[in-house]
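In what follows, every heavy atom counts, from backbone to side chain, and hydrogens, waters and symmetry copies are set aside. Naming: A, B, ... by sequence-line order, numbering from 1 per chain.
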Amino acid sequence: MISVRFAPSPTGYMHIGNLRTALLNRLFADNLRFKTGEEVSYVLRMDDTDLERSKPEYEQAVYEDLKWMGISWDRLEHQSERLDRYRSVVEELKAKGRIYACYETAEELEYKRRRQRARGLPPVYDRAGMRLTAEERRAYEAEGRRPHYRFVLEHKETSWDDMVRGPCAYNGEHLSDPVVVREDGTFPYMLPSVIDDMDFGITHIIRGEDHVTNTAVQIQMFEVLGGRIPVFGHPPLLTGREGKLSKRLGSLSSRELREEGIEPMTIACLLARLGTPDPVVVCRDLDELAKVFDLSHFGRAQPHFDPDELFKLNPRILHEMSLEDVNARLKDEGKSPVSADFWKAVAPNVAKVGDIADWADVCSAGRVFDVPAADRDFCRTAAALLPEGSVGEETFAAWTSALKAQTGRKGKDLFRPLRLALTGREQGPELKMLLPVLGREEILRRLQG
RNA sequence: GACCCUAUCGUCUAACGGUUAGGACAUCGCCCUCUCAAGGCGGUAACACGGGUUCAAAUCCCGUUAGGGUCGCCA
């Protein structure tokens, strides 16, 4: 059984970075499923222990965004419901002597760090709490101080083989003992995450590069708790053109993307490849993408993410869509389905889903478009010359050559009035393809305006 | 400041001591064509800098410069 997880904090709307992590986990798991036939489990874990900032509306947004992207999950968990479990693990760690009480205030710790920095030392916690005598502790408590607790990090080298970064190692001496219980009794991210990963049988953890140092700490926690250590993979963070992923870019939420008319598969296809040597491939769904996904292809350098890439890729994704997929998408948008002929004619001219509805409107029965006065007679002649019988793709050539012979017009003078009368626009899909879509009645009506 | 990671066409990147430095996207040109697209074919374009090691360096080593991550009672 392969288990991955995506663990968002419902404290805001999902952005492109979140989406990428969610997606990479899904693709990674499914790739293994296809390759090995093994069962996979995708755990969606709400890191909602921060009651202040966690909001139900954000949680709903996570569900919606994942569904929109086509990312499904097999199991849903809330950290806010597992507090008792965390407390009992803390007791276990206390019993093992791997946790100690500290009494510094946040300000005092800040001061210590500043001093260390000023002296050119790494701002690592000095373990003062570990050396406290029972008497000193009582004195602090008498002052009204409440303790917070830290996990004892072994001062040894902790290493792992990262799926994207290769062999990694961190020395415990360079790291601070992490706080695992706050003064108010709540739990910071580090330990609950490990407990959950153990309890939910997570086998592979794919998350951003910003978590690499945490990995050393968490591996030590897994070791103490006797859990199986998952395999880690840390793809580099996305950056914007000017270095850091800008606020605007980083906060590009999936709903904004959706409003812009970007297809979920456009996002998926780009994010699955950005940072790898593999060219973007147009896939019709996540399963198809997962089959050709390979986490180990990711490089260690940070790729630039440019939203423009999305806009450039979107038309390609749309062009490759089958009629069924297009109609499914239109249904999502609350639009009516289109015919095979229509899609065949219009697909190459579509950059966003919204364009489909625009063209459907142009083609809908009963529309009439203005034609310059100088071309009215020409259009009537054209109507008269429309070949008898059903209108097909071959009709256009026969029709226009007859028209050319009759009127002496050619080139732009010949075609432009037809396009204007039939579509009301200067540009658009090939008329040859559009004729069968409109049908005889509609063509005649529009020409006779 | 400390620890760690990174540096090849505009962009994503390949190369794992010997290549005309390869591909994809973008761009440019040509073809197709009633238009805009789409599609087909082709072109331009890169080893951050300085030292070493070696018969031979994009590749290994050192330094410089530049970017990034981490160093929270955030996640």
Next item on the list: Counting Watson-Crick and G-U wobble pairs only, both distances under 3.5 Å, name the nucleotide matched with B/U33, or none.
Entry: none
Notebook entry, point to check: If we call it a pair only when both distances are under 3.5 Å in a Watson-Crick or G-U wobble match, what pairs with B/C71?
Noted result: B/G1
Next item on the list: Using whole Å, report how far CG of A/Leu237 lies from C1' of B/C4.
Entry: 14 Å
Check: So, A/Tyr58 versus A/Tyr13, ring centres under 6.0 angstrom or not?
Finding: yes
Note to self: So, does A/Thr213 get its side chain near the phosphate of B/C3, meaning an N or O under 4.0 Å from OP1 or OP2?
What the structure shows: no
Item checked: Nearest-neighbour nucleotide for the A/Ala301 side chain, B/A7, B/G68, B/C71 considered -> B/A7
Check: Taking CD from A/Glu104 and P from B/G72, how many angstroms apart are they, rounded to a whole number?
Finding: 12 Å
Margin query: Please report the distance, rounded to the nearest Å, between CD in A/Gln218 and C1' in B/A75.
Written below: 11 Å
Notebook entry, point to check: Heavy-atom contacts under 4.0 Å between residues 46-61 of chain A and RNA chain B, which residues?
Noted result: A/Asp47, A/Arg53
Check: In whole Å, what is the span from the CG atom of A/Leu153 to the P atom of B/G72?
Finding: 12 Å
Item checked: Aromatic A/Tyr125 / basic A/Arg150 pairing, under 6.0 angstrom, 45° off normal -> yes
Check: Atom OH of A/Tyr189 to atom P of B/U70: distance rounded to whole Å?
Finding: 12 Å
Notebook entry, point to check: Within the structure, does a side-chain N or O atom of A/Arg182 lie under 4.0 Å from either OP1 or OP2 of B/C74?
Noted result: yes
Checklist line | Euclidean distance, atom OH of residue A/Tyr13 to atom P of B/A75 [Å, nearest integer] | finding: 21 Å
Next item on the list: Establish, yes or no, whether the cationic atom of A/Arg409 lies under 6.0 Å from the six-membered ring centre of A/Phe378 and within 45° of the ring axis.
Entry: yes
Item checked: Short side-chain N/O contact from A/Arg113 to OP1 or OP2 of B/C73, under 4.0 Å -> yes
Next item on the list: Would you tell me if any nitrogen or oxygen in the side chain of A/His174 comes within less than 4.0 Å of OP1 or OP2 on B/C4?
Entry: no
Notebook entry, point to check: What nucleic acid atoms does A/Asn214 come within less than 4.0 Å of, heavy atoms only: base, sugar-phosphate, or nothing?
Noted result: base
Margin query: Does A/His211 form a side-chain contact (heavy atoms from CB on, under 4.5 Å) with A/Phe232? I'd like the steps, not just the answer.
Written below: CA-CA 10 Å; A/His211 282 284; A/Phe232 292 90; over 6 Å; no
Margin query: My understanding is that a pair needs two contacts under 3.5 Å, Watson-Crick or G-U wobble. By that rule, which nucleotide pairs with B/U27?
Written below: B/G43
Margin query: From C-beta outward on A/Ser176, which listed nucleotide comes closest to its side chain: B/G72, B/C5, B/U11?
Written below: B/G72
Notebook entry, point to check: How does protein reach along nucleotides 19-38 of chain B, written 5' to 3' as B (base within reach of a heavy atom under 4.0 Å), S (only sugar-phosphate), or - (no contact)?
Noted result: ----BSSS-------BBBBS
Margin query: The side chain of A/Gln302 is closest to which nucleotide in this list: B/C12, B/G1, B/G69?
Written below: B/G69
Check: Base, sugar-phosphate, or nothing for A/Pro123, non-hydrogen atoms under 4.0 angstrom?
Finding: base
